[in-house]
Amino acid sequence: MAETDSIDEERLEKAINWFARYIAVQQGGRDVDFYSGYMQMHEGFKRELFRNGHDALRLETWDKSMIGSGRILDCVVAGLQSKDGSGQNIVVNFHSVTNFKEKANTDLPLAEDVLFNLYEGDDDATAFEDACDFFGRWYPVFSYLMFLKDDTKYLPVKSSSQLHGDRFRKLNIDRDCLRYCSWNNYQVFLNVHRQIQEKLIEAFPENQISLLDAHSFVWTLYAAPDDFSFKMEEKLEKIPGATDFVNQVADQLKYREKAQQEDEDLERSLEKSGIEGRERVAMIKARLNQSEFRKRLLLRYKKCCLCGASDPRLMTASHIKPWSESEPAERVDPDNGFLLCPNHDALFDQFLISFDDDGKIMISDSLSSNDRIFMNIREDMKVSLREGNKKYLEYHRNRFSELKH
Ligand SMILES: [Zn+2]
């Protein structure tokens with residue numbers, strides 16, 4: 001099935017290594033931050049389009065009784081006509097909006113019923129296909145409307161753009177998903193970007209990478225040669241910190257490979273040593289203290305997830321689902337970890353505290369009020385969660401409630 005199409009990892013890694021160099025030179029400095037500098041200047045307009053377009057839809061005012069009144073059409077047209085900070089919309093052009101309005105007015109109640117379902121229905125796939133059947137298969141228009149609905153799930157598509165096809169070719173992505181507007185093709189397009197997002201998260205652990213950032217990354221590849229060779233190495237070397245940054249990106253891209261290797265080594269030494277009980281636990285702790293897993297959590301969080309203590313010498317990479325109960329892939333998944341100070345690590349490790357799905361702390365009843373004070377925990381504490389933490393936390397919470405200290 002087309003939806004499972006996966007991206008060529010090797011080419012993507014090359015592209016990301018090129019991208020780190022390119023941005024470091026463009027910005028004359030190290031950090032790739034999608035929210036400032038070069039990326040903000042060239043790609044930030046898409047976030048503005050989303051905000052303005054999403055607001056223009058005024059979804060909070062929608063109601064089924066509006067179908068046929070023309071008010072839903074007005075909202076959607078306002079969304080399509082939204083502009084970025086410089087007064088432009090390069091995704092949806094003026095003619096498309098005119099055609100859209102004309103088509104809607106041939107049968108306004110049906111048109112508004114279709115649009116209502118697109119935003120308020122619970123089956124996006126069917127609503128998308130119904131909209132295409134009624135209005136026409138206009139990729140830029142309908143992908144844009146989905147994007148305005150939810151920018152964490154959907155992206156705009158400019159099907160007419162030769163350039164986007166060119167970038168897809170560089171990444172060995174099947175360009176058919178750009179050519180014909182259908183829900184299935186759109187899923188392939190989105191799925192490819194989700195995979196790119198995942199890889200960018202690996203490469204840039206300090207950034208919060210959104211789906212839209214993956215889209216911006218793809219656009220930036222217009223400047224890359226087909227083999228992703230980099231022509232400005234000399235210039236790069238003269239920029240303070242740039243080489244370190246580029247090396248860090250390359251290093252992070254190898255994270256999983258290295259972390260898995262470490263994990264296998266640890267497993268083997270445990271087996272060979274035959275030690276059990278507390279010594280075994282101590283050995284695991286000591287090894288994790290030097291692990292790639294911990295390095296990655298340090299890059300991601302920089303301080304204790306709970307209290308803000310930040311000396312890297314004191315920080316522990318704490319598995320959410322315990323190491324010894326995790327599958328190999330789970331042991332090295334950064335989403336299965338918090339960076340914690342010694343006190344908070346001890347409490348979390350022994351299931352004396354846990355967190356709910358909003359990140360709010362849960363404290364074992366067995367912990368005395370004195371110890372709560374000395375161990376620095378309070379009922380109002382919170383960790384900020386990533387989506388990926390939740391399945392591991394559920395496991396941790398189950399252990400927390402089972403133990404009933
Ligand atoms: Zn702490």
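Numbering of ligands and ligand atoms starts at 1, following listing order. Only a predicted model underlies this, so the values are computations on that prediction, with no experimental measurement involved. We count residues from 1, following the sequence as given.
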Plane angle bin for Phe128 and Phe142 - parallel if under 30°, tilted between 30 and 60°, otherwise perpendicular: perpendicular

Pairing residues for Phe217 by the ring-ring contact (aromatic ring centres under 6.0 Å, His included) criterion, not counting sequence neighbours: Phe19

Ile72 backbone acceptor or donor facing Glu112 side chain under 3.5 Å: yes

Side-chain (Tyr255) to main-chain (Val332) donor-acceptor, under 3.5 angstrom: yes

Separation between CG of Leu80 and OH of Tyr144, rounded to the nearest 0.5 Å: 7.5 Å

Quiz item: cation-pi between Lys14 and Phe228, 6.0 Å / 45°: no

Atoms of type N/O/S from protein, distance to the Zn ion (ligand 1) below 2.8 Å: 4

